[in-house]
Amino acid sequence: RNYLYEKNKLDENKIITINNWIDSNEQASKNIPFINNQSLHNKFVIVTAGIMGPSQNLTLVIEIAKRISDLHDVRFVLIGSGIESIRLRKMVSKYKLNNVIISDIVNENDYKILLKNTDLGLISLSTKNTTPVYPGKTLGFMASAVPIIGYLHENSDGHKLIKESKCGYSTVPVNIDVAEELLRFMYRKKNILSRLGFNGYKYCINTFSKKKILSLYNDTISSMYSS
């Protein structure tokens with residue numbers, strides 16, 4: 001909304017924002033092959049999923065993984081595909097990292113249950129981006145009560161969403177030292193992660209539920225015909 005108003009000088013009274021909806025994840029099983037095969041039990045699991053391209057800036061994640069190898073129970077799980085996938089795998093091999101797992105896309109059911117075993121959901125966007133978007137996986141993390149760590153460019157609405165919902169922390173990753181310290185901070189604050197995750201879940205249900213969004217659509221269309 002602000003982007004359209006500021007960049008295109010549109011009448012802000014004629015701009016209505018309606019978010020995408022997300023269904024909450026209710027599955028809670030701990031026994032799935034994906035987790036068993038990847039040896040994630042009793043680990044501090046950090047997950048990111050989706051497209052692996054330049055915009056996602058996942059090379060930053062690999063560099064951070066290299067820096068925090070002293071945290072022996074941390075595991076980064078990168079799920080997805082894209083033009084950066086091969087490069088990321090080569091980096092993991094080059095650095096001889098045993099704390100990074102890169103997987104192809106998994107089925108929806110396994111992914112939802114994986115999130116029930118996830119300590120941190122990671123969202124990342126390159127600082128070269130300029131549009132105010134945030135990754136779609138953000139709402140998936142919130143719907144599954146997973147706290148979020150965000151490495152986002154300065155114009156991303158993700159910073160505002162994370163702050164308003166109190167579901168985690170974010171930073172602009174112009175300095176890898178700062179990016180690393182944010183992750184170490186959240187690792188040290190394990191005792192507050194469940195609360196952050198629940199904050200995100202509550203915010204998601206109150207703001208992004210299908211019932212809420214469809215109601216907004218209905219009210220918006222009704223007001224257009226009645227005006």
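Worth knowing before you read on, the calculation uses all heavy atoms, side chains too, and leaves out hydrogens, waters and symmetry mates. Note that the structure is predicted; figures quoted are calculated from it, not measured.
For the pair Ser165 (side chain) and Leu161 (backbone), a donor-acceptor distance under 3.5 Å is present. With hydrogens and angles ignored, the 3.5 Å screen pairs no side-chain donor or acceptor of Ser93 with any backbone N or O of Arg89.
Shown here is Lys43, whose NZ atom has more than 12 heavy atoms of other residues, nucleotides or ligands within 6.0 Å. Remark: Leu60 CG is packed, more than 12 non-hydrogen atoms of other residues, nucleotides or ligands lying under 6.0 Å away. Atom CG of Asn107 has more than 12 neighbouring heavy atoms from other residues, nucleotides or ligands inside a 6.0 Å radius.
The shortest side-chain heavy-atom distance between Ile83 and Pro54 falls under the 4.5 Å cut-off. Phe76 places none of its side-chain heavy atoms less than 4.5 Å from the side chain of Val92. Using a 4.5 Å cut-off on side-chain heavy atoms (C-beta onward), Lys116 and Lys112 make no contact. Side-chain contact between Asn117 and Val45 is absent, with no heavy atoms from C-beta onward closer than 4.5 Å.
In this structure Val133 satisfies the side-chain contact (heavy atoms from CB on, under 4.5 Å) test together with Leu125, Thr131, sequence neighbours excluded. Partners of Glu154 under the salt bridge (charged side-chain N to carboxylate O under 4.0 Å, His left out) rule, at least two apart in sequence or in another chain, do not exist in this structure. Contacts of Ala145 classified as side-chain contact (heavy atoms from CB on, under 4.5 Å), with partners at least two apart in sequence or in another chain: Tyr201. With sequence neighbours left out, Lys190 forms a salt bridge (charged side-chain N to carboxylate O under 4.0 Å, His left out) with Asp73. Contacts of Asn191 classified as side-chain hydrogen bond (donor to acceptor under 3.5 Å, both in side chains), with partners at least two apart in sequence or in another chain: none. In terms of the side-chain contact (heavy atoms from CB on, under 4.5 Å) criterion, residue partners of Arg67 (sequence neighbours excluded) are, by chain and number, Ile176, Asp177, Glu180. Listed by chain and residue number, Ser170 satisfy the side-chain hydrogen bond (donor to acceptor under 3.5 Å, both in side chains) test with His159 (two or more places apart in sequence, or in another chain).
Pairs engaging residues 53-65 under the side-chain hydrogen bond (donor to acceptor under 3.5 Å, both in side chains) rule: Glu63-Tyr95 [sequence neighbours left out]. A ring-ring contact (aromatic ring centres under 6.0 Å, His included) check over residues 170-196, counting only residues at least two apart or in different chains, returns the pairs Phe44-Tyr187, Tyr169-Phe185.
Hydrophobic cluster membership for Val174: Val172 (Ile, Leu, Val, Met, Phe, Trp, Tyr linked by side-chain heavy atoms under 4.5 Å, directly or transitively).
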